Amino acid sequence: MDFDWTDEERAYRARIRDFLRRELPPEWGDIARHGPGSKEQTDFSRTFCPKLAEAGLLVPHWPAEWGGADRPTWEHFILGEEMWASGEPRGAQYMNVNWIGPTLMRYGSDEQKQRYIPPMAKGQAIWCQGFSEPNAGSDLAALRTRAVRDGDDYVINGTKIWTSYAGLAETCFLLARTGGADTGKAGIAIFLVPMDTPGVEVRAIPSLIGHGDIHECFFTDVRVPASSRLGAEGEAWSIIRYSLANERVGIPRYELSARVLEEMVEDLKQQGRFDDPAIQIRAGEAAAACEAARLLTYRVVDQKARGGAPGPEANVARFAVVTADNSVTDFGLDFLPDFFSGLNRPGYLAHHERAIVAGIAAGAAEIQLNLIAHRFLDLPKVAS
Amino acid sequence: MYFEPNEDQATFLSVLDQIASGDGSGWKVPADWSRFHWADELDRTLEDNGFYDCAIEETLGPVTAAAMIHRLARLSVTMEFAASAMLRPFLPPDLPRPIAVIDGDPAAAIRYLPVARSVLSIGEYEVRAAMLDDGDVQPVESLFAYPMGVFSATIGRWQRIDVDPRRVRESWRVAVAAELGGTLLGGRDAVLAHLRERRQFGQALGSFQGLQHRLAASATKIEAAYWLTLKAAQGLEAADSAVALGYVQNAATTVVYDLHQFMGAMGLTLEHPLHRWTYRARLLKSALGGAGENLKLAASRKWRAA
């Protein structure tokens with residue numbers, strides 16, 4: 001067991017930080033304030049990601065065949081930590097890097113790979129994921145959007161909701177039902193749908209978590225060629241499982257939380273209040289929560305780096321990440337409420353907005369607890 | 001970063017597990033249902049086979065010592081292993097064990113004192129040790145599941161040990177964190193076994209979501225505590241050890257409450273050994289100042305506050 005970074009890993013992190021110092025403009029804090037799905041941040045990502053790609057820092061963990069450098073899992077993860085902690089200048093494109101690209105490499109047709117992967121590797125593609133629906137959130141297998149085969153095409157009808165990045169995305173990674181209403185997980189397929197296809201309509205939903213981040217997407221008689229289907233009909237669930245296994249622990253949110261906590265402590269010191277034992281205890285508690293989330297996450301990354309199969313440890317880590325984000329948010333609100341009004345600390349506001357998503361997006365915290373109970377603690381299925 | 005044990009660590013911990021869980025060993029679930037059961041036979045086996053020396057072995061070290069403490073604390077029986085394993089690099093090799101540790105008020109009741117053969121005092125500026133004689137110690141009745149005692153005579157045989165007291169204290173903080181983390185895990189596993197078997201309202205108790213979510217949240221804390229402790233054991237940095245102990249002490253309050261709630265009336269009896277874990281945890285959660293003091297320490301060390 002060894003909980004230290006290697007010299008090579010430290011140097012890699014330093015290289016990324018150096019790049020960020022060089023390439024993020026002075027007004028970056030104000031841009032990041034709007035949220036990863038905002039027009040401001042998406043526009044920024046269109047110039048930033050190509051620079052990252054040029055520096056070999058966009059998809060270093062991808063195979064060389066697709067523009068990567070076959071770099072180790074840990075470097076991919078260090079990259080993710082540094083990007084998220086700096087406000088995620090890749091915007092929506094982090095999804096391409098983490099799971100959409102690798103999923104297409106595994107399951108895509110040659111045509112799909114050639115069409116979609118190179119723009120991702122160059123930092124020129126914005127995607128959204130069409131998963132949740134008005135009646136299928138945590139219970140994703142209940143989704144109702146239909147894709148009906150019509151000759152060489154599919155015709156898609158349905159509604160997706162709470163879709164991040166949809167307003168500016170060029171392509172949607174869409175889940176739709178090709179089987180009957182009662183086919184559950186087995187009746188779902190994935191479609192790669194250009195968002196400018198006739199019949200696709202996007203409406204932004206005003207939200208607490210940044211401008212332009214949540215949308216409702218209407219698919220009305222959207223006709224797409226059968227070649228836009230990823231994998232076979234009914235294969236969606238196993239493909240999604242591969243995608244999640246590839247990503248495993250999601251966004252390293254604790255890294256931003258830990259850095260925001262540092263800033264909060266500095267503010268309290270400036271105000272002469274950090275000698276208060278009550279504040280120190282709460283700061284220590286929040287720091288411990290961040291460190292707990294970090295180590296539980298690293299444990300999962302280590303499993304992946306060794307080629308281990310995904311296990312319930314990822315659910316444990318995800319729940320700890322939610323706890324850490326909220327611990328820092330609550331610390332700030334309790335002791336520095338004045339900084340949550342006005343724009344003198346845009347980083348606090350941005351962190352708060354990202355943190356309240358932590359327990360909702362990519363599987364609610366309570367779903368994680370269900371999975372921990374069954375898979376990690378081997379408890380029986382929930383009583384009816 | 002490697003979370004898996006190296007080859008020597010894996011062998012060491014595997015043999016330890018075999019010894020500690022051997023069938024018919026008699027120390028896993030003793031039948032006398034006293035508030036604690038002193039596992040003399042297991043303790044001698046571990047000592048005779050050099051297990052308490054692991055922290056000074058090059059390929060094992062303090063991380064293995066912390067993992068060993070965590071494993072032994074999961075047992076329902078009681079031994080003195082935390083100081084013996086974790087503080088071994090700082091102690092004279094001939095200091096007899098069991099070792100009682102004074103890390104606060106020397107006049108207070110101290111765990112292990114009635115069974116200890118030596119005592120270690122970790123002060124702010126020095127570390128001292130003394131061997132105990134008959135008549136030095138008076139056992140006291142206690143709520144806690146440890147043999148507790150006070151000094152009945154002034155000890156005049158103290159010897160100063162030439163070590164950095166701060167480093168000894170940080171090692172001790174890690175040792176207590178490991179012991180408390182293992183204690184919570186041992187109690188949790190005993191309760192899980194009960195929840196899988198006990199049926200109410202026609203269902204296994206463990207199938208009710210109201211219990212599952214609390215157990216799952218606790219599992220997250222118990223897991224995190226383990227890794228925070230091992231990381232702290234590697235560096236013995238002051239901020240890390242305070243984070244590890246403060247975190248697990250903070251978690252202990254909720255975990256202990258939940259475990260007793262889930263055991264119901266059975267957990268109030270001495271017929272189920274839950275009390276042997278929870279009444280160790282109830283002492284350890286106040287060790288070295290308790291969660292508040294350790295989290296405050298973590299913050300002040302991390303951010304150089306007063």
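Bear in mind that the values here come from a model prediction, so they are computed numbers and not experimental data. Just the heavy atoms: all of them, side chains too, but no hydrogens, waters or symmetry mates, feed the values below. Chain A is the first sequence line, chain B the second, and so forth, proteins listed ahead of strands; every chain is numbered from 1.
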Part of [X] lying under 4.5 Å from any heavy atom of chain B:
X	answer
A:Y298	both
A:E9	side chain
A:N315	neither
A:L296	side chain
A:D4	both
A:V316	both

Kindly compute the distance separating [atom1] ([X]) from [atom2] ([Y]), expressed to the nearest 0.5 Å.
X	Y	atom1	atom2	result
A:L295	B:Y247	CG	OH	10.0 Å
A:D302	B:E4	CG	CD	6.5 Å
B:L215	A:L369	CG	CG	10.5 Å
A:Q280	B:R301	CD	CZ	12.0 Å

What part of B:Q9 gets within 4.5 angstrom of chain A, counting heavy atoms only: side chain, backbone, both, or neither?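 B:Q9 touches chain A through side-chain heavy atoms alone.
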Side-chain heavy-atom pair [X], [Y] within 4.5 angstrom cut-off:
X	Y	result
B:M1	A:T6	no
A:M1	B:K231	no
B:Q212	A:I372	no
A:D378	B:R196	yes
A:D2	B:Q234	yes

Nearest atoms (heavy-atom pairs only) where [X] meets [Y]:
X	Y	answer
A:A288	B:L228	O-CD1, 4.4 Å
A:A292	B:A224	CB-CB, 3.6 Å
B:G292	A:I281	O-CG1, 3.3 Å
A:A373	B:A216	N-CB, 4.2 Å

Atom [atom1] of [X]: over 12 foreign heavy atoms under 6.0 Å:
X	atom1	answer
B:Y257	OH	no
B:K285	NZ	no
B:Q200	CD	yes

Given the options A:R306, A:E313, A:E291, A:E366, which has more heavy-atom pairs under 4.5 Å with chain B than any of the others?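 Highest number of pairs under 4.5 Å: A:R306.
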Does a donor on one side chain and an acceptor on the other come within less than 3.5 Å for B:W303 and A:E262?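 There is such a pair (donor and acceptor under 3.5 Å, judged by atom type) between the side chains of B:W303 and A:E262.
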Is the gap between the ring centers of A:F3 and B:F3 under 6.0 Å?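 Aromatic pair counts; centres sit under 6.0 Å.
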Taking every non-hydrogen pair under 4.5 Å, which of B:R214, B:K302, B:E223 racks up the most with chain A?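 Most heavy-atom pairs under 4.5 Å with chain A: B:E223.
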Which of the residues B:V243, B:N250, B:L230, B:L195 is involved in the greatest number of heavy-atom pairs with chain A at under 4.5 angstrom?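 Highest number of pairs under 4.5 Å: B:L230.
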Might you work through the side chain to side chain contact (heavy atoms under 4.5 Å, CB included) test for A:L377 and B:R188, ending with a clear yes or no? CA-CA 10 Å; A:L377 299 177; B:R188 197 280 308 277; 3.5 Å; yes
Take A:T323 and B:T220, measure what side chain to side chain contact (heavy atoms under 4.5 Å, CB included) needs, and give me the verdict at the end. CA-CA 10 Å; A:T323 306; B:T220 303; 5.8 Å; no
